[in-house]
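Below: one structure, written as structure tokens.
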Amino acid sequence: MVRTRFAPSPTGFLHLGNARTAIFSYLFARHHGGKFILRVEDTDRERSRLEYEEEILKDLRWLGIEWDEFYRQSDRFEIYRSYVEKLLQEGHAYPCFCTQEELQREREEAQKRGVAYRYSGRCRALSPQEARKMMEGGKSYTVRFKVPDGRNVVFEDLVKGYISINVDDFGDFVIVRSDGSPTYNFVVVIDDALMEISHVVRGEDHIPNTPKQILIYEALGFEVPKFAHLPVILGEDRSKLSKRHGGVSVKAYREEGYVSEALFNYLCLLGWSAPDDPDREIFSKEELIELFELKDVNSSPAVFNRDKLRWMSGVYIREVLPLEEVASRVLPFLKDAGYDVGDTEYLKRVLEHTRDSFDTFSEAVDRLRPFFVDEFEIPQELMGLLEDMRSLEVLNLFLEKLKESKPSSVEEVKRLARTIQKELKVKPKEVWHTLRIALTGALEGVGIDILIALLPQESIEFRIKRVLDRVS
RNA sequence: GCCCCCAUCGUCUAGCCCGGCCUAGGACGCCGGCCUUUCACGCCGGAAACGCGGGUUCGAAUCCCGCUGGGGGUGCCA
């Protein structure tokens with residue numbers, strides 16, 4: 001049984017790198033008909049916040065990632081304690097009374113001498129009696145894991161291949177802090193073992209932790225899972241994607257109105273392509289579940305490209321999502337902008353003609369404004385343009401014809417425009433530009449024929465009369 | 001510094017494992033054209049890459065070594 005997990009720490013918003021890790025982990029589990037587990041790693045009491053946990057869950061749901069089991073490490077401290085006890089008793093761990101200041105000094109010294117720092121193992125030499133005495137004396141201590149000398153830990157990584165690390169590179173490491181809380185490298189092993197995680201899928205920044213964890217698995221007699229370390233996602237400057245790059249949280253894209261399926265799809269393409277059809281880029285979640293394999297993930301880091309994500313969001317809006325779906329997703333954005341949207345039939349008719357002109361829902365807000373908002377300013381230079389054209393005649397005649405014919409299709413609107421053109425002997429452009437400025441207050445935007453065909457008659461009349469008043 | 005990972009167009013990638021089919025394919029972006037009442041959309045076309053140096057071989061983007069470059073780690077963070 002394949003069981004994978006995603007284990008975020010609630011110290012910030014879910015960012016794109018972690019989101020992709022979650023997606024790959026999820027896809028791998030689903031592909032193999034296995035379970036996907038969500039585990040909140042909040043052992044660092046200082047930095048963990050419940051509100052971040054809530055945001056992360058919200059983002060995962062938005063992305064369409066559903067989990068089968070949920071755990072929170074802060075609920076499991078009792079379990080961890082019993083395993084610390086075991087390691088202590090069996091001589092795999094020992095209490096360490098060194099203060100942070102002492103350690104800091106040692107670290108600086110090592111740096112000065114230009115050698116790699118590792119903990120000296122000083123407290124390893126303490127006899128049980130001495131240790132007990134110091135504890136009873138109220139001296140605070142951490143618990144360290146005893147790292148065996150000279151071992152070369154080798155493991156097969158599902159995306160990187162064989163990785164070999166000599167444990168002499170690091171000293172005895174802390175598994176329980178002086179405040180009694182367990183550390184990541186320890187609890188991750190206990191949880192992955194107890195939750196029977198078969199495949200640990202995570203970012204490659206965890207590679208150096210892996211040998212430490214394998215040592216603990218062995219000390220506790222647990223079966224070692226398979227590991228898959230995904231290459232990190234880089235910002236435009238090729239450093240690891242982080243807050244300072246801006247726009248790296250899933251939340252930001254959700255709020256900007258990107259299509260969630262597009263973000264899911266795009267993130268999959270960062271380091272993965274379909275083996276049988278590598279040129280294909282648009283995949284539904286179901287198709288990805290069908291096709292995804294860790295062996296097809298490539299091992300080099302990828303730079304995140306916002307332009308391509310934007311493009312893909314647009315593809316989903318104009319080609320993938322049903323019209324109904326586009327309507328219901330854009331609706332909250334229009335309402336937030338204060339538009340009086342009216343009935344959804346109108347919105348759907350509008351979108352039918354305009355969905356191919358925006359890539360995100362926040363862009364739709366600007367693009368669709370003329371369909372919903374009568375009040376707008378016409379810039380001075382455009383008023384000037386109107387005066388240069390025979391706009392008075394055009395608008396007056398248009399208003400007159402509009403009342404007679406009440407055009408409600410693009411074809412009828414075009415016919416009407418042609419009539420005006422002929423009667424007034426003006427160029428087509430002059431008619432369209434005049435109407436565009438009067439009806440939208442801009443020189444570019446949605447098709448004006450569509451706008452006239454769909455916009456309520458009162459709105460058209462209102463806007464045109466207003467211009468007429470100003471020009472004359 | 002030390003340890004680990006990585007290396008094809010600006011970016012994401014296919015090809016690499018199992019050398020010849022590669023005159024290195026696709027996508028985003030960019031440039032040009034077409035469509036057109038504008039901006040988009042769409043369609044057509046274009047510029048754009050095997051990091052460098054050595055091997056191995058009849059033949060290397062593909063295999064080996066070195067260099068360089070990039071990334072990650074080096075915590076009582078995860």
Side-chain angles (χ1 to χ4, degrees), chain A residues 7-12 18 41-44 46-48 96 98-100 103-104 107 110-111 113-119 140-144 157 159-161 163-166 168-170 173-179 181-185 187-188 202-211 229 231-232 234 236 238-240 266 269-275 277-282 298-312 314 318-319 354-359 363 367 414 417 427-437 440 442-449:
Chain A
S9 63
T11 55
N18 291 142
E41 308 225 316
D42 56 349
T43 56
D44 184 350
E46 299 272 305
R47 300 196 306 147
S48 299
C96 169
C98 298
T99 64
Q100 298 212 45
L103 297 172
Q104 185 58 32
R107 209 170 287 132
Q111 177 130 40
R113 295 217 320 270
V115 294
Y117 171 76
R118 48 180 290 216
Y119 174 62
S140 79
Y141 64 97
T142 61
V143 177
R144 283 183 188 269
D157 189 279
V159 337
K160 302 266 185 189
I163 296 177
S164 160
I165 295 174
N166 194 302
D168 287 343
D169 294 337
F170 44 84
F173 54 92
V174 172
I175 59 173
V176 181
R177 298 185 187 89
S178 50
D179 70 355
S181 63
T183 64
Y184 165 76
N185 274 121
V187 295
V188 74
R202 69 210 327 184
E204 71 176 336
D205 42 335
H206 286 289
I207 289 177
N209 289 324
T210 308
H229 288 99
V232 290
L234 272 25
E236 306 280 349
R238 302 205 68 92
S239 68
K240 188 177 161 188
Y266 172 74
L269 261 31
L270 249 32
W272 177 87
S273 61
D277 191 3
D279 291 345
R280 188 169 158 207
E281 300 195 293
I282 305 296
N298 63 281
S299 51
S300 53
V303 174
F304 172 71
N305 186 292
R306 198 188 298 221
D307 282 335
K308 184 142 186 179
L309 170 60
R310 171 173 287 274
W311 165 79
M312 192 170 280
R318 57 185 172 265
E319 292 172 25
T354 56
R355 67 192 307 198
D356 60 2
S357 66
F358 50 86
D359 293 328
E363 263 177 64
R367 189 76 182 178
K414 282 186 169 160
K427 288 184 191 144
K429 272 195 178 180
E430 210 154 340
V431 176
W432 292 115
H433 280 331
T434 300
L435 289 171
R436 175 175 297 283
I437 295 170
T440 70
L443 260 186
E444 51 189 54
V446 291
I448 220 68
D449 46 2

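Quick note on labels: first sequence line is chain A, next is B, and so on, each numbered from 1.
Residue A:G271 is in sugar-phosphate contact alone, with no base atom involved, counting any heavy-atom pair closer than 4.0 Å across all strands shown. As judged by a 4.0 angstrom heavy-atom cut-off over every strand, A:N166 is placed among residues making no nucleic acid contact. A:S181 comes within 4.0 angstrom of nothing in the nucleic acid, heavy atoms only.
Between the P atom of B:C6 and the CG atom of A:L270 lies a distance of 18 Å, rounded to the nearest Å. Spacing between atom CG of A:D277 and atom P of B:U13 amounts to 17 Å, rounded to whole angstrom units.
B:A49: no Watson-Crick or G-U partner with both key distances under 3.5 Å is found in any strand. Base pairing annotation: B:C28 forms a Watson-Crick or G-U wobble pair with B:G10, both donor-acceptor distances under 3.5 Å.
Of all nucleotides listed (B:A40, B:C76, B:A78), B:C76 comes nearest to the side chain of A:Q100. With B:C6, B:C12, B:C39 as the choices, the nucleotide that has an atom nearest any side-chain atom of A:E444 turns out to be B:C39. Taking the side chain of A:N305 as heavy atoms from C-beta on, and the options B:U38, B:G10, B:A78, the nearest nucleotide is B:G10. Checked against B:U11, B:A7, B:G75, the side chain of A:R238 finds its nearest nucleotide in B:U11. Comparing B:A7, B:U37, B:A14 against the side chain of A:K414 picks out B:U37 as the nearest. For A:S273, whose side chain is taken as the heavy atoms from C-beta onward, the closest listed nucleotide among B:C41, B:U13, B:C76 is B:U13. Closest to the side chain of A:V303, from the set B:A40, B:C12, B:C5, is B:C12. Side-chain proximity of A:R436 to B:C12, B:G42, B:U37: nearest is B:U37. Side-chain proximity of A:R367 to B:C39, B:A7, B:C41: nearest is B:C39. Of the listed nucleotides (B:C3, B:C12, B:U38), B:C3 has the atom at the smallest distance from the side chain of A:I165.
Within 3.5 Å, no donor on the side chain of A:D205 pairs with an acceptor on the base of B:A78, nor the reverse. With hydrogens and angles ignored, a donor-acceptor pair under 3.5 angstrom links the side chain of A:S178 to the base of B:C76.
Rounded to whole Å, the C1' atom of B:C64 lies 25 Å from the corresponding atom of B:C21. Here, B:G42 and B:G29 have their P atoms 9 Å apart, quoted to the whole Å. One C1' atom belongs to B:G55, the other to B:A14, and the distance between them is 28 Å to the nearest Å. When the P atom is used for both B:C12 and B:G71, the distance is 13 Å, rounded to whole Å. Comparing B:C52 with B:A7, their C1' atoms are spaced 12 Å from each other, to the whole Å. The gap from the P atom of B:C31 to that of B:A40 amounts to 10 Å, rounded to the nearest Å. Annotation: B:U8 and B:C22 have their C1' atoms spaced 12 Å apart (nearest Å). The gap from the P atom of B:C17 to that of B:A60 amounts to 14 Å, rounded to the nearest Å.
Here the side chain of A:Y266 pairs a donor or acceptor atom with the backbone of A:N305 at under 3.5 angstrom. A distance-only check finds a donor-acceptor pair linking the side chain of A:D157 to the backbone of A:H229 [under 3.5 Å]. The backbone N or O of A:V446 lies less than 3.5 Å from a partner atom in the side chain of A:R436, making a donor-acceptor pair. Using modelled atom types, no side-chain atom of A:R306 and backbone atom of A:K308 make a donor-acceptor pair closer than 3.5 Å.
Where stacking is scored as ring centres under 5.5 Å apart with planes under 30°, A:W432 registers as stacked on the base of B:U37.
Side-chain contact of A:T183 with A:N185: a donor-acceptor pair under 3.5 Å is absent, judged by distance alone.
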